[in-house]
Each structure stands twice: as C-alpha cells, then as structure tokens.
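When a residue number appears, it is its place in the shown sequence, counting from 1. This structure is a prediction, so every number in the text was calculated from the model and none was measured. Order of appearance sets the numbers: ligands from 1, and atoms from 1 within every ligand.
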Amino acid sequence: MSSALGNHILVEFMNCDPHIMNDVAAIERDMVDAAKKAEATVINSTFHHFSPYGVSGVVVIQESHLAIHTWPEYGYAAVDVFTCGEMNAWIAFDYLKESFQAKSYSAIEMKRGSVNLLTRNDFDISTMRQKANEWVNPGFYTRNVWFTDKDENQALSLRFTGEVFYDHQSPFQRVRILESYKYGKMLALDDMVMTTENDEFHYHEMISHPAMFMHPNPKNVLVIGGGDGGTVREVLRHKGVENVTMVEIDGAVIEACKEHLPQIAASFNDPKLTLLVDDGIAFIKNAAPGTYDVILVDGSDPVGPAEGLFSVSFYQNCYNALKSDGVLVAQGESPKFNEKAFCELNHTLQDIFGKDKAPVSLFFVPTYPTGMWSFQYGLKGKVNATQPLDSASIDAFVQSEGLRYYNSALHTGSFALPNFVKSLLLK
Ligand code: SPD
C-alpha cells in the first residue's frame with residue numbers, strides 16, 4: 001500500500017443555516033473547536049467577514065490547516081481540512097457538519113504527497129536556519145478575526161477580538177456590538193460600521209456643533225436616527241437648548257448601546273430629551289410647519305431602513321418643519337466611497353434650500369471606508385455656515401466641554417472643499 005505525507009478532505013456543506021454562514025465570530029470559533037476536537041495543535045487563525053455577506057478563513061494547525069469560504073445566500077460552505085500525521089480529519093468534519101447545521105454534504109478524500117512519486121533530499125538539519133526540534137509551541141494561538149465594510153471595489157477592515165457583546169436581528173436590521181482591537185467596542189448595523197468607542201467623537205462632534213453654532217439661538221432640536229445616543233449627547237451640551245426630540249426607528253439599537261456603549265448613550269435620561277422609537281420619515285411628514293431650529297439627520301447608509309433618509313420628499317418635509325432661520329444637517333456619505341449618494345443628496349438639498357444654501361463639510365472617520373466623510377447642510381433664511389462666527393465663545397465652549405475634534409478653525413475649515421469634490425458637486 002502506498003503511503004503519503006498528508007491527507008486532504010474537500011468538503012461541500014450545503015443547506016446550512018445562512019445566519020451561521022455569515023457570522024465570522026461563530027465560524028472562527030467552530031473551526032478552531034473542530035481542530036481541537038480532532039486533537040490538532042492550533043497555531044493561528046485568520047478570518048474575514050465580507051460585507052454584505054460571506055466569510056473566509058484559515059486555521060493553521062501544527063498538523064497543516066483547516067480552511068473555509070462561505071456563501072450565506074446559498075447556505076453553502078466550501079471547507080478543506082489538510083492533515084498530516086495521526087490526526088483524523090473526519091472528526092473535524094463531523095463537528096462542523098453539526099455546528100453549521102448542514103442538511104446535506106459531500107466530501108472527497110485525497111492522499112497528498114505520495115511518497116512513491118517523491119524523491120527525498122536528505123540534509124544536515126544543523127545547517128538549517130530554524131531547527132525544527134527547537135520550535136516550542138507557545139501553548140496559545142493568535143486570532144485574526146476581521147470585520148470588513150466594503151463595496152465592490154474597496155474596503156475597510158477592522159481586526160476584532162472575536163468577542164460579540166450583542167447580536168440581534170431586529171425587524172429592520174442586524175444589530176451587533178463587537179470588540180475591535182484598535183477602536184474598542186463598535187456598533188455595526190447590517191455589516192456596516194456605525195460607530196466605535198475610540199473615534200465616535202469625530203462624527204458626533206461634527207454633526208452637532210457646527211450646526212448649533214451657525215444657528216443664532218437653537219432651542220428646539222430634532223434628531224432623526226442617532227440610536228447610539230452620541231448626537232443627542234453633543235446637542236445637550238448647549239445650555240440654551242430647551243427641547244430635543246429624537247426619533248429612532250430601531251429600539252434594538254438604543255438598547256444595545258445603552259448596555260454596551262454607555263459613554264455614547266450617555267444622555268438618554270436627560271429631562272430635555274423626548275425619545276421616540278418611531279419612523280422618522282413618517283414623523284417629519286406629520287410635523288407641524290416651522291417647528292424646529294435645527295434638524296440633525298443621523299442616519300445609516302442609503303440601504304435598508306435608512307434608504308428613505310435620502311429621498312427628495314423627506315428633505316422637503318424637513319424644510320417645511322424648520323423655522324425660518326432653521327438649519328438642517330444630514331449624514332452625507334463619502335465623496336470617495338459612494339460618490340453617487342454624496343452628489344445626489346447635495347443636488348436634492350440645493351433644489352430644496354437653494355443653490356447657495358446647501359454647503360458641504362468634510363471630516364475624517366478612521367473606521368468608515370476611505371476615512372473621508374461628509375455632512376451636508378440645508379440653510380434657511382439668513383443663516384450662513386461660516387459667517388459671522390464667534391470664535392472666542394466657540395473655543396471657550398470647546399475648552400469647557402473638553403471637545404476632542406471640533407474647534408472654531410475647524411468649523412470654517414471643514415467647509416473648504418478639495419477641487420475634485422467641488423467638481424463632483426457641480427450641477
Ligand atoms: N457608513 C457609515 C455611515 C454611518 C452614519 N451614522 C452613524 C451613526 C453614528 N451616530
């Protein structure tokens with residue numbers, strides 16, 4: 001009988017649970033556990049999640065590897081287990097079949113490296129740079145689990161610990177709180193990064209303070225979306241504010257952030273806040289004309305429940321609900337990631353508020369694809385984005401509130417656009 005260096009099984013797992021097939025943390029755990037069940041020594045794992053769906057990963061073991069690629073939309077996983085020595089790959093196969101809830105499967109087994117076909121080159125091991133018998137297994141393995149927010153052509157990936165604090169499919173979207181190494185805990189909605197502990201202030205300070213300072217006296221403020229609470233936290237720093245109404249469609253986002261991101265969800269108990277779990281699009285349609293000084297649209301990207309937050313009728317209703325010197329600011333997407341949504345939103349705001357009344361500001365968010373993001377404005381009456389600006393009181397506020405991103409120079413500077421962005425926005 002011929003002998004071989006290794007044994008390779010190639011497995012098709014079909015009709016698996018699609019949610020498991022899209023869960024990078026669960027798949028990494030199951031693949032590592034399958035290796036351990038088969039008594040392999042795990043050295044390293046690297047796993048990526050691809051937005052909107054799909055997971056790829058490898059577990060490197062002292063006895064070779066286990067690898068996987070999933071297509072959640074087909075409930076399918078392509079798995080291969082390569083072993084050498086005494087390890088029994090079929091133990092890993094059985095374990096994964098159960099874990100993925102595969103209703104059907106097939107597998108082929110191949111011997112790899114038939115010794116009859118190979119010529120052995122004996123060498124003097126003492127001349128090798130790394131002597132095999134000196135290698136000591138450190139007794140733990142390193143994990144590389146990656147969350148990727150991407151479109152067809154570019155991506156942003158964050159390495160996370162594999163720790164999942166919250167994972168719930170609400171009627172609107174999948175709501176998750178994961179832990180990234182670099183940016184701490186992060187809120188992800190349907191595989192898109194919304195905010196993280198360590199860079200949330202970039203976004204929340206820049207959606208709030210420019211608008212609050214360009215308005216002469218903001219008292220009545222409406223926030224649409226913003227379920228993590230960061231935007232209302234910033235708005236409520238302004239002592240002249242009398243009422244803030246926040247309308248978030250998804251109660252699961254609020255609950256997840258209250259429990260796991262309390263520094264962001266810090267102001268939900270403020271007596272000036274009226275918190276409504278409701279559809280912001282319907283809310284603004286029914287709002288009384290001339291009600292709000294400032295409206296902040298802190299929405300997700302234009303897919304799923306936030307799609308309507310990019311429509312002409314929504315912004316016409318916002319215009320009507322603003323007072324005569326009102327300010328609207330909306331999450332404006334990125335000129336380098338989704339140019340189409342970025343431009344279309346600005347054209348909508350120009351059409352409704354006027355050509356010179358729809359300025360755009362840029363700011364940096366390290367955890368959004370490309371890092372370059374925008375807020376887009378609609379200004380009514382005499383309001384101007386940058387003039388007059390009381391820099392001294394702004395910087396006193398910045399100092400006393402301990403702000404970490406916004407200041408008076410940045411207020412003005414954020415409206416200065418690179419030439420390529422100006423060209424993109426030309427109508
Ligand atoms: N691509 C991400 C756009 C997310 C906008 N909303 C973030 C919510 C922070 N409060």
- Query: Honestly, is Lys36 close enough over Tyr95, meaning NZ or CZ under 6.0 Å from the six-membered ring centre and within 45° of the axis?
  - Reply: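 Pair Lys36/Tyr95 does not count as cation-pi.
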- Taking the six-membered ring of Tyr319 (Phe, Tyr or Trp), confirm whether the NZ or CZ of Lys380 is under 6.0 Å from its centre and within 45° of its axis.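 The answer is yes; both the distance and angle limits are met.
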- Message: Distance under 4.0 Å, heavy atoms only, partner ligand 1: which residues pass?
- Response: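 Around ligand 1, where the cutoff is 4.0 Å for heavy atoms, the contacting residues are Val193, Met194, Tyr203, His204, Asp228, Asp298, Gly299, Asp301, Gln331, Tyr368, Trp373.
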- Query: With Asp228, which residues qualify under salt bridge (charged side-chain N to carboxylate O under 4.0 Å, His left out), at least two apart?
  - Reply: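 Salt bridge (charged side-chain N to carboxylate O under 4.0 Å, His left out) check on Asp228 returns nothing, list empty.
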- Decide if the gap between the ring center of Tyr74 and the ring center of Tyr53 is smaller than 6.0 angstrom.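 For Tyr74 and Tyr53, the ring centres are not under 6.0 Å apart.
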- Message: Among residues at least two apart in sequence or on other chains, which ones pass ring pair (Phe, Tyr, Trp, His ring centres under 6.0 Å) with His209?
- Response: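 His209 satisfies ring pair (Phe, Tyr, Trp, His ring centres under 6.0 Å) with His238, Phe397, Tyr406 only.
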- Quick one: side-chain contact (heavy atoms from CB on, under 4.5 Å) partners of Pro302, sequence neighbours excluded?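 Pro302 satisfies side-chain contact (heavy atoms from CB on, under 4.5 Å) with Phe310, Glu333, Ala341 only.
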